[in-house]
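Below is one structure, written out as structure tokens; comments come after it.
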Amino acid sequence: MTSKKRPRVYITRKLPDAVETRMRELFDAELNIDDTPRSRDELAAAMKTVDVLVPTVTDRIDEALLAEAGPQMKLIASFSNGTDHIDVDAAAKRGITVTNTPNVLTEDTADMTLALILAVNRRLTEGAQILTEKPGDWGGWSPTWMLGRRIWGKRIGIVGMGRIGTAVARRAKAFGLSIHYHNRKRVNPATEEELEATYWDSLDQMLARVDIVSINCPSTPATFHLISARRLALLQPTSIIVNTARGDIIDEAAMIQLLRDNRIAGAGLDVYQNEPAINPKLIKLANQGRVVLLPHMGSATIEGRIDMGDKVIINIRTFFDGHRPPNRVLPGRN
Ligand code: DGY
């Protein structure tokens, strides 16, 4: 590639050094070294001149913003697994291809799901905070001190049995949980057999029968508030809910109310409805040890981020070599 022909690539957030170095070598790359989130106006201005936009889940690429793109911009190579922040249909109408970075976040996100299940049921953050924040409160071991809930032998209900849901199920099985799942389609018999998993066509019926609910489906118009107030009310008072997918899949206000009324036992959340804003009621519940809150870090490993960068680079290279990029997101999917 001559430097003249190098595509102009606008990267909206700071990426790992190794990824940025490679991007600089291959592309006419505009980086965001200090990681200040780009404003809508800055994105619109960039889209008028660049060939490729590399956004992340923190950039909202909606129809109105896409209308600002110049005719030269033909690719959105998102540095993300989810694509709910991009109006893929509107992009397709403008002849813009969208790609994402699937597969490389699966194991890390599944790990974090299990971490939240353990943290909520076994009161990990509460225990750790006592030693660092109130060490005087610990008078030594006692038979009734810091009792949590056992995991082994309980039932997990996985909502969305795609790659991440299946990886969660594998880990959950090793922790002695029995696997229940709801999905648009039943998974193949070999996977069901391996996981000894029970498929529930009815989400309502599954929710009423499990001890742990894990949200692992993508955010789409069809899954918006899938876990609605009505469905949340079906949960047992001893059950907990864990969300490492997207905040808008759960009716967050209804979940908060159930937690306050002790109608569910707890929640472990990595994602929020109005991210990065967090409902202050959730913070209060966290301070009471009722919920464990993480700042959307389910996939945050250096290995995962480098793998994501590699995928973005491959998608851009393949596209500009005139081929169909491997991780193309088809319109009509979100
Ligand atoms: C993604 O890429 O969709 C993840 O949510 C980021 O962690």
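Hydrogens, waters and symmetry mates play no part in the numbers below; they use all other heavy atoms, side chains included. Counting starts at 1 for both ligands and their atoms, in listed order.
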By number and element, which atoms of ligand 1 are closer than 4.0 Å to a non-hydrogen atom of [X]?
| X | value |
| --- | --- |
| His296 | 4 (C), 5 (O), 6 (C), 7 (O) |
| Ser299 | 6 (C), 7 (O) |
| Asn81 | 1 (C), 2 (O), 3 (O) |
| Ser80 | 2 (O) |

Under a 4.5 Å cut-off applied to non-hydrogen side-chain atoms, are Lys5 and Phe320 in contact? no

Quick one: are Ile227 and Met255 in side-chain contact, heavy atoms under 4.5 Å? no

Quick check on side chain to side chain contact (heavy atoms under 4.5 Å, CB included): which of Val88, Val98, Ile76 does Ile61 satisfy it with? Ile76

Scan Leu15, Val57, Thr99 and name whichever one has a side chain to side chain contact (heavy atoms under 4.5 Å, CB included) with Phe79. Leu15

Could you tell me whether the side chains of Arg149 and Thr238 share a donor-acceptor contact shorter than 3.5 Å? no

Give the residue and atom name of whichever protein heavy atom lies nearest to atom 5 (O) of ligand 1, and the separation in Å to one decimal. Arg246 NH1, 2.8 Å

Checking heavy atoms under 4.0 Å, the part of Leu105 that sits near ligand 1 is side chain

